[in-house]
Amino acid sequence: MATLLYRLGRTAFRRRWLVVLLWAVILGGAGAGAVTAPASSDDGTSFMPGIEAQKAFDLIGERFPGTDANGADARIVFVAPDGEKVTAAGNRAAIDALVTEAADEPKVLNAVSPFKAGAVSEDGSTAYATVNFKVTADDLTDADKAALEKAIGQARTSGLTVEVGGTALAEQPAAGGSAEAIGIGLAAVILLITFGSLAAAGLPLLTAVIGVGTSMAAIMALGSVFGLSLTTGTLASMLGLAVGIDYALFVVSRYREERANGHAPGQAAGLAVGTAGSAVVFAGLTVVIALAGLTVVGVPMLTKMGLCAAGAVVVAVLVALTLVPALLGMWPDAVLSRRTRKGGPARRATDNGGSRWARFVMRRPLAVLVACVAGLGVLALPAASLEMGMPGAESKPVSSTERRAYDALADGFGAGFNGPLTIVVDARGAAGTKAATAAVKEIAKEIGATDGVVSVSSARFNPAGDTALFSAVPATGPNDEHTKDLVRTIRSERTALERATGATFEVTGSTAMNIDIAEALQAALVPYLAVIVVLALLLLLVVFRSVLVPVKAAFGFLLSVLAALGSVVAVFQWGWGAGLLGVEQAGPIMSLMPIFLVGIVFGLAMDYEVFLVARMREAYVHGDRAPDAVVSGFRHSARVVVAAAVIMIAVFSGFVGSGESMVKTIGFGLAVAVLFDAFVVRLALVPAVLALLGDRAWWLPGWLDRLLPRVDVEGAGLATAPPVAGGEAAPQEPVRV
């Protein structure tokens with residue numbers, strides 16, 4: 001592996017213009033494809049096939065022609081001025097006028113007056129009307145929204161307080177462009193401090209942007225073919241930028257080191273790609289494993305996001321192995337420190353903060369190990385209370401109309417009105433239309449009598465008369481544990497009702513959908529974690545040719561990710577310190593968040609593990625004693641690992657300032673996970689464990705040593721050329737040692 005990559009690096013350095021031209025052609029071709037490709041659209045794939053709520057949604061789409069079960073809706077809540085009622089003549093006229101105007105819009109399926117639907121609170125202070133659309137929220141144009149907003153504005157002039165919930169007018173979260181721009185700016189500052197050179201700081205940023213641009217353009221170009229979209233590529237953009245900077249950073253850092261050792265530019269580029277590039281390849285493979293593992297979760301959208309992000313990581317690896325050495329060939333001295341560029345003697349690394357820290361840990365390894373495990377273990381305890389759900393309008397800022405509508409509806413009718421359950425009755429098993437009608441009435445009656453149900457609506461039949469819809473309002477809110485229990489109770493009544501009526505039913509709606517998704521994802525979390533850990537253990541076994549080092553790496557990752565999950569639960573679910581982050585309402589953790597956290601942090605954690613421990617393995621293979629190899633690895637890699645981790649923490653922390661609770665949660669979780677993994681696990685727990693193990697850390701049974709392929713990630717097969725004072729050395733091939 002090292003020899004092959006050495007040759008690749010030397011070739012890219014010599015054929016620099018050809019390599020740059022090839023990448024320009026690839027980027028231009030992908031960009032042209034993105035511009036000319038037809039717009040991608042939803043391929044109709046269910047979000048999570050197999051769960052009951054999704055099956056019911058699909059049944060609605062099948063049995064009610066022209067109705068989109070995912071159609072947009074606007075729940076308009078009216079609150080009368082103090083001392084008045086919504087039933088007063090003037091208030092009633094304003095409400096009816098709004099409903100009539102909304103119903104006249106072409107994309108509106110129905111809009112029913114609260115006075116006809118009985119949607120007026122007992123004290124007469126509050127009423128609500130639901131406007132259902134024929135299309136999804138994404139298909140509503142600005143003109144469609146403006147028409148509804150105009151009608152709402154007119155109703156407000158009457159003195160009524162009018163707030164709007166639902167999906168139709170929901171404010172979409174801002175694109176991540178500003179956060180990414182801030183992240184790139186912070187990365188530039190950190191790289192400049194790390195390298196002390198504008199060129200050395202700028203080159204990883206430039207190549208990372210080229211890699212992300214190529215990946216995103218390819219996703220857009222293939223969007224209509226594979227059902228991809230910019231949303232699908234969100235993870236690819238974020239991770240592509242993160243690992244693109246990291247991978248280029250390690251190659252450039254090794255190039256500077258080899259130049260400091262006296263090697264000519266071309267030789268230094270080859271050695272950098274042959275050694276650091278080997279670590280890049282296997283670090284990239286671990287990230288790809290984590291992302292491709294998302295396919296086991298069973299969510300088509302997650303599968304697409306994972307595979308797109310895996311493709312972006314592959315592009316980042318190829319950029320680091322080819323484009324980085326090619327650009328180094330164009331400006332071979334630009335990335336060097338000012339001292340080296342001016343002809344001063346190169347300072348070779350003998351002792352620095354990394355080596356001093358490693359010696360500090362290795363003098364007291366047991367104490368450091370116990371402190372790390374105990375500290376992360378305590379932080380992980382709240383993870384045992386993890387509750388997954390889908391935060392709704394209750395988690396939005398009080399300044400938003402969605403939150404005010406949620407609160408007004410809860411005050412006027414009860415919390416359950418913010419999350420009604422939709423019951424889909426399939427009456428094809430009943431004999432005839434009359435029997436179907438009787439069956440639906442019986443089912444509605446029994447569900448209405450269930451403890452925890454406040455009310456049920458009138459049933460609406462499809463044109464064929466064999467399927468009906470009605471809603472059941474719980475007494476508790478959408479994310480309340482009692483609501484989850486109620487859904488299970490209603491479903492448990494299905495068998496008896498089916499025997500009695502010949503008809504069956506399913507429970508859906510946003511509340512039931514979120515409950516089913518949360519339960520399915522929680523069940524998938526452990527298998528997903530097991531798959532990626534086992535595959536990574538096998539890969540690291542091949543890379544490090546050690547049994548204990550991969551086990552230590554996996555154990556450290558589990559500690560850091562559980563501590564991060566525990567921190568997320570403590571802040572966002574329990575509300576500890578939530579006000580400091582601008583979290584207005586604590587509640588369940590977004591269902592997708594733990595899966596994202598595990599996948600992304602696993603990839604980044606294995607990046608740091610490979611880069612740090614590969615350098616230790618390199619020193620050990622080249623003759624250093626086990627303790628000296630640990631110190632050597634920290635001397636050469638700790639500063640770069642710290643810089644990479646700080647960049648990631650800065651990028652992810654930028655999302656904590658978002659007004660969206662879900663974005664806050666993801667940003668906070670990823671930032672603290674990288675903090676724990678890089679600074680506690682990789683920089684403290686790893687040297688402590690290796691100090692305790694000594695030479696046993698690199699033990700491998702003889703029979704397994706003979707079975708495993710030799711990939712030479714540490715560069716043992718490279719014999720470096722003699723130091724050259726200046727100029728380009730004659731091409732030399734590495735020899736086997």
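As a basis for the values below, the full set of heavy atoms in this structure was taken, side chains included, without hydrogen atoms, waters or symmetry mates. Sequential numbering from 1 along the given sequence is applied to the chain's residues.
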J.: How close do Phe133 and Ala168 get, heavy atom to heavy atom, and via which atoms?
T.: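 Reported closest heavy-atom pair: CE1-CB, 3.7 Å.
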J.: Looking at Ser457 and Ser471, would you say the former's side chain and the latter's main chain have a donor-acceptor pair under 3.5 Å?
T.: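 Yes, the answer is positive, given that a donor and an acceptor are paired below the 3.5 Å cut-off.
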J.: Could you tell me whether Arg403 and Asp407 make a salt bridge, using a distance below 4.0 angstrom between a side-chain N and a carboxylate O?
T.: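 Counted as a salt bridge, because a side-chain N and a carboxylate O are separated by less than 4.0 Å.
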J.: Please report the interatomic distance CG(Leu169) to CD1(Ile152), rounded to the nearest 0.5 Å.
T.: 5.5 Å
J.: Can you see which heavy atom on Val440 is nearest to which on Phe461, and at what distance?
T.: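 Taking every non-hydrogen atom into account, CG2-CZ, 3.6 Å.
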J.: Is it true that, when you exclude Trp576 itself, more than 12 heavy atoms of the residues, nucleotides or ligands shown sit nearer than 6.0 Å to its CH2?
T.: no
J.: Check this for me: does any side-chain nitrogen of one of Lys445 and Glu442 sit under 4.0 Å from a carboxylate oxygen of the other?
T.: no
J.: Should the pair Asp516-Arg491 be classified as a salt bridge under the 4.0 Å nitrogen-to-oxygen rule?
T.: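 Looking at Asp516 and Arg491, the cut-off is met.
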J.: Looking at Glu446 and Arg494, is any side-chain nitrogen of the basic one under 4.0 Å from a carboxylate oxygen of the acidic one?
T.: no
J.: Give me the atom names and distance for the closest heavy-atom approach of Val86 to Asn91.
T.: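 Distance-wise, the nearest heavy atoms are O-CB, 3.5 Å.
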J.: Only one of Leu469, Thr504, Asp58, Val507 clears side-chain contact (heavy atoms from CB on, under 4.5 Å) with Val424; which?
T.: Leu469
J.: So how far is it from Arg404 CZ to Thr401 OG1, rounded to the nearest 0.5 Å?
T.: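 It comes to 5.0 Å.
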J.: Give, for atom CE of Met388 and atom OG of Ser591, the distance between the pair rounded to the nearest 0.5 Å.
T.: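 Between atom CE of Met388 and atom OG of Ser591 there are 5.0 Å.
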J.: Hey, is the main chain of Gly419 close enough, under 3.5 Å, to the side chain of Thr511 for a donor-acceptor pair?
T.: yes
J.: State, to 0.1 Å, how close Val453 and Ile447 come at their nearest heavy-atom pair, and which atoms those are.
T.: CG2-O, 3.5 Å
J.: Would you call Asp123 and Lys85 a salt bridge, taking side-chain N to carboxylate O under 4.0 Å as the test?
T.: no
J.: Given 3.5 Å as the limit, does a donor-acceptor pair link the side chain of Thr483 with the main chain of Gly477, or not?
T.: yes
J.: Inspect the contact between Arg488 and Glu493 and indicate whether a charged nitrogen and a carboxylate oxygen are less than 4.0 angstrom apart.
T.: no
J.: Which atom pair, heavy atoms only, marks the closest approach of Thr87 to Phe115?
T.: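 Closest pair (atom of Thr87, atom of Phe115, distance): CG2-CE2, 4.1 Å.
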